[in-house]
Structure formats: C-alpha cells, structure tokens
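To start, the structure itself, in structure tokens.
In this chain, numbering begins with 1 at the start of the sequence shown.
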Amino acid sequence: STALAEDGAEVRIHGSLSAPLHIVHIATQTDTVAAAIVNIHVAAGAKAVVVESYVALAAGRNLTVPASYVRLENGAVLTHIRQQLGNATSEHIGQTRVIQNANSRYNNLVLSRGGHLSRHHLWLSLDAEGAAASLSGLCWAATGQIADHLTTTDHNAPRTHSDQNYRSIIIGKSTFSGTINVARDA
C-alpha cells in the first residue's frame, strides 16, 4: 500500500518530549488517493507522545492509504495515538508496524470515526526481553459504515507482555480480529 506514497514524515526522538507531537494529514479534494508514510524512531531511553490524525474534509469520495513504521530502542517509551475522522464516503485503509527492543514500552490508542470504510492493521513485534505493549481502540460506525481493526502481535523473546482492549459503538458494521503469536523459545 506504500507504492503510491508521495508525502510523509520522518520523526527521530532523542530524550523526552515535553509536549505531544501531532502529525496531521488532511484530505481536502474529492476523487483522490492519498498515501503517506510516517517513520517514528524512538532512541534508547527516550519518551514521547505522538498523535497521528487523518481527517477527510472533502465532501466527496477519497481514499487514504497511510503506513506508519515505529521502532523503539532499549528502554524507549512511546504513547502513539492514531485517529481517523472520515466523512460518509471516504475510505481509509491504514497500517502500523512496530518493532520493540529490550525493556521498551509501546502504548497504542486507535480511534476511528466516520468514513464509508475504515480499516487499520497493527503489526507488533516484541523482539527482546522486557518489551511490553498495551493496545487499545475505539471505533464508531454509523449506518452504512464499516470499521475494522486488526492486530498481529509476535512475542519473539521471553518475558515480553502485551494486552489488547478494543471497543466499538456500532449502528453500521465493525469487526475486530486479533492474532497473538508466541515463538517457541519466548
């Protein structure tokens, strides 16, 4: 889904951010496809809150296909909030891929509201001892809208931890699918 990417952001965090960093993507035209890549690298021991917002302001159809790539080094802590605010005809198909090193902490909140179709897939790889993640999401789907949340969590090392808590307020249709894989030696 990143082959069409024309926009994006490269974020490198060292130390601790005193305020949240907010990255905003706004769709203002109809009948368009927008793809953006966001790379977030949190250095060893660094702490941050990053908010990604995807907003469809155009009244007509548009498709947003973003991808976010996150890497947490040893002892890094990231709270990552991702919100999608669509209109009645917009479509949003996003993905986030996270790689965690030793004793890192990833807190994720995905918020979805509106859009004819809203889908987000989160891939999480806990690659070293002590890595921990808390994944949560809330979606609101009105009549005729579809909201999907998918997660894949790979525990690739011993003494890693993850938890998931997803909720939906639905009049339309909403699905959640979560897969947790534990490596043989983890």
For this session: Please report the C-alpha distance between E10 and H41 in whole Å, then the side-chain angles of each, then the deciding distance to 0.1 Å, and finally whether the side-chain contact (heavy atoms from CB on, under 4.5 Å) criterion is met.
Result: CA-CA 8 Å; E10 181 79 23; H41 180 262; 5.6 Å; no
Could you check whether any side-chain heavy atom of [X] comes within less than 4.5 Å of a side-chain heavy atom of [Y], counting everything from C-beta outward?
{"X": "L138", "Y": "R113", "answer": "no"}
{"X": "I93", "Y": "L117", "answer": "yes"}
{"X": "L78", "Y": "V50", "answer": "yes"}
{"X": "Y69", "Y": "Q95", "answer": "yes"}
{"X": "I180", "Y": "Q164", "answer": "yes"}
{"X": "K47", "Y": "R105", "answer": "no"}

Restricting to non-hydrogen atoms, name the atom on [X] and the atom on [Y] that form the minimum distance, rounded to 0.1 Å.
{"X": "T160", "Y": "A128", "answer": "CG2-O, 3.4 Å"}
{"X": "I13", "Y": "A46", "answer": "O-CB, 3.7 Å"}
{"X": "H92", "Y": "P66", "answer": "CE1-CG, 3.5 Å"}
{"X": "Q84", "Y": "S118", "answer": "OE1-OG, 2.8 Å"}
{"X": "Q100", "Y": "A133", "answer": "OE1-CB, 3.5 Å"}

How long is the gap from [atom1] on [X] to [atom2] on [Y], to the nearest 0.5 Å?
{"X": "N74", "Y": "S104", "atom1": "CG", "atom2": "OG", "result": "7.5 Å"}
{"X": "L126", "Y": "D154", "atom1": "CG", "atom2": "CG", "result": "8.0 Å"}
{"X": "T153", "Y": "L122", "atom1": "OG1", "atom2": "CG", "result": "6.5 Å"}
{"X": "H120", "Y": "R82", "atom1": "NE2", "atom2": "CZ", "result": "4.0 Å"}
{"X": "N107", "Y": "D163", "atom1": "CG", "atom2": "CG", "result": "9.0 Å"}
{"X": "L85", "Y": "L111", "atom1": "CG", "atom2": "CG", "result": "8.0 Å"}

Between side-chain atoms of residues 21-32 and protein atoms elsewhere (two or more places apart, or another chain), which donor-acceptor pairs fall under 3.5 Å?
{"residue": "H22", "atom": "NE2", "partner": "S53", "partner atom": "OG", "Å": "2.6"}
{"residue": "T32", "atom": "OG1", "partner": "Q29", "partner atom": "O", "Å": "3.3"}

For this session: Quick one: name the residues clustered hydrophobically with W123, using the 4.5 Å side-chain heavy-atom rule over I, L, V, M, F, W, Y, and just say none if it's on its own.
Result: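 When side chains under 4.5 Å apart are linked, W123 ends up in no cluster with other residues.
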Exercise. Mind checking who shares a hydrophobic cluster with I99, ILVMFWY linked at side-chain heavy-atom distances under 4.5 Å?
Worked result: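 Via sub-4.5 Å side-chain contacts, I99 links to none.
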For this session: Begin with the C-alpha distance, continue with both residues' side-chain angles, and end with the deciding distance and a verdict on side-chain contact (heavy atoms from CB on, under 4.5 Å) for N156 and S125.
Result: CA-CA 7 Å; N156 295 322; S125 185; 3.0 Å; yes
Single-linkage hydrophobic cluster, 4.5 Å side-chain cutoff, [X] and [Y] together:
{"X": "V51", "Y": "L109", "result": "yes"}
{"X": "V70", "Y": "V38", "result": "yes"}
{"X": "V49", "Y": "Y106", "result": "no"}
{"X": "V42", "Y": "L124", "result": "yes"}

For this session: Go through the structure and list residues passing side-chain contact (heavy atoms from CB on, under 4.5 Å) with S90, not counting sequence neighbours.
Result: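 S90: side-chain contact (heavy atoms from CB on, under 4.5 Å) contacts with A56, N62, N87.
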For this session: If a pair satisfies ring pair (Phe, Tyr, Trp, His ring centres under 6.0 Å) and one of its residues is in residues 158-186, list it, with sequence neighbours excluded.
Result: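 Listed once each, the pairs are H149-Y166, Y166-F176.
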For this session: Write out all pairs satisfying salt bridge (charged side-chain N to carboxylate O under 4.0 Å, His left out) with one or both partners inside residues 118-131, taking only residues at least two apart or from two chains.
Result: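 Every salt bridge (charged side-chain N to carboxylate O under 4.0 Å, His left out) pair that includes a residue of residues 118-131, provided the two are not neighbours, is R119-D148, E129-R159.
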For this session: Using distance alone, with no hydrogens and no angle criterion, decide if H80 and E52 have a side-chain donor and acceptor under 3.5 Å apart.
Result: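 Yes, because at least one side-chain N or O of H80 sits under 3.5 Å from a partner of the opposite role on E52.
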